[in-house]
Amino acid sequence: QVQLVESGGGLVQAGDSLRLSCAASGRTFSSYVMGWFRQPPGKEREFVAAISWSSGRTVYTDSVKGRFTISRDNAKNTVYLQMNSLKTEDTAVYYCAAGYLGGLRASGYEYWGQGTQVTVSS
């Protein structure tokens with residue numbers, strides 16, 4: 001029923017910026033937490049950032065704090081991840097997720113997008 005579609009991924013050089021978008025279908029996200037996860041090649045999926053749709057409260061993993069910014073657009077039902085000062089270690093498939101509980105673990109999210117590839121070259 002609920003669909004999440006990521007966009008904005010691509011190939012960039014270290015130090016560049018990129019903005020990811022997550023478009024959510026439906027109008028039932030007011031009580032949800034929206035999160036971004038990523039999976040580097042050969043590694044497990046890891047938490048990146050999250051935002052409460054209702055309150056706007058945000059949380060970030062330490063490795064991206066100060067470089068990445070998560071935001072929301074209520075009118076468009078869209079969540080963004082602005083990524084600045086990209087590093088090669090940011091290379092991964094990035095996934096958008098929505099859940100009632102949210103948090104730092106994937107188990108807190110019920111709906112997932114298909115993912116978008118972000119590749120940072122040196």
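Index from 1, following the sequence. The structure presented is a predicted model; accordingly, all values stated were derived computationally and were not measured.
- Note that NZ of K65 is 8.5 Å distant from OG1 of T58, once rounded to the nearest 0.5 Å.
- Legend: disulfide (SG to SG under 2.5 Å) pairs involving residues 89-122, not counting sequence neighbours, sorted by first then second residue: C22-C96.
- Between V48 and F68, the closest side-chain pair of non-hydrogen atoms falls below 4.5 Å.
- For Q82, the CD atom counts as densely surrounded, since its 6.0 Å shell holds more than 12 non-hydrogen atoms of other residues, nucleotides or ligands.
- Nearest heavy-atom pair, I70 versus M34, reported as atom, atom and distance to 0.1 Å: CD1-O, 3.9 Å.
- With contacts defined as side-chain heavy-atom distances shorter than 4.5 Å, the pair V93/T116 does not qualify.
- Residue R38 holds its CZ atom at 12.0 Å from CD of Q117, rounded to the nearest 0.5 Å.
- At a threshold of 4.5 Å between side-chain heavy atoms, the hydrophobic network of Ile, Leu, Val, Met, Phe, Trp and Tyr places V79 and V2 in one connected group.
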Under the side chain to side chain contact (heavy atoms under 4.5 Å, CB included) rule, what do W112 and L4 come out as? Steps first, then yes or no, please. CA-CA 6 Å; W112 294 83; L4 304 174; 5.6 Å; no

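- The side chain to side chain contact (heavy atoms under 4.5 Å, CB included) test applied to T61 returns F47, S63, V64, not counting sequence neighbours.
- With a 4.5 Å cut-off on side-chain heavy atoms, T119 and V12 do not count as touching.
- Atom CD of E44 is surrounded by 12 or fewer heavy atoms from other residues, nucleotides or ligands within 6.0 Å.
- Side-chain atoms of E6 come within 3.5 Å of backbone N or O of Q114 as a donor-acceptor pair.
- A continuous path of Ile, Leu, Val, Met, Phe, Trp and Tyr side chains, each step under 4.5 Å between heavy atoms, connects L104 with V33, placing both in one hydrophobic cluster.
- The distance from atom CD1 of I51 to atom CZ of R57, rounded to the nearest 0.5 Å, is 11.5 Å.
- E110 and G99 get closest at one heavy-atom pair: OE1-CA, 3.4 Å.
- The backbone N or O of T88 lies less than 3.5 Å from a partner atom in the side chain of T91, making a donor-acceptor pair.
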Stepwise, does the side-chain hydrogen bond (donor to acceptor under 3.5 Å, both in side chains) test hold for D73 with T78? CA-CA 5 Å; D73 188 324; T78 301; over 6 Å; no

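- Shown here for S17 and S85, the closest heavy-atom pair between the two residues is OG-N, 4.3 Å.
- Taking CG of N77 as the reference point, atom OG of S25 lies at 8.5 Å (rounded to 0.5 Å).
- The two residues A49 and L81 make their nearest non-hydrogen contact at CB-CD1, 4.3 Å.
- Contact annotation: the side chain of E46 approaches that of P40 to within less than 4.5 Å [non-hydrogen atoms, C-beta and beyond].
- Residues Q39 and R45 come closest through the heavy atom pair CG-N, 4.0 Å.
- Within the structure, ring-ring contact (aromatic ring centres under 6.0 Å, His included) pairs that include any residue of residues 77-110 comprise F37-Y109 (at least two apart or interchain).
- Between M83 and D90 there is no side-chain heavy-atom pair separated by less than 4.5 Å.
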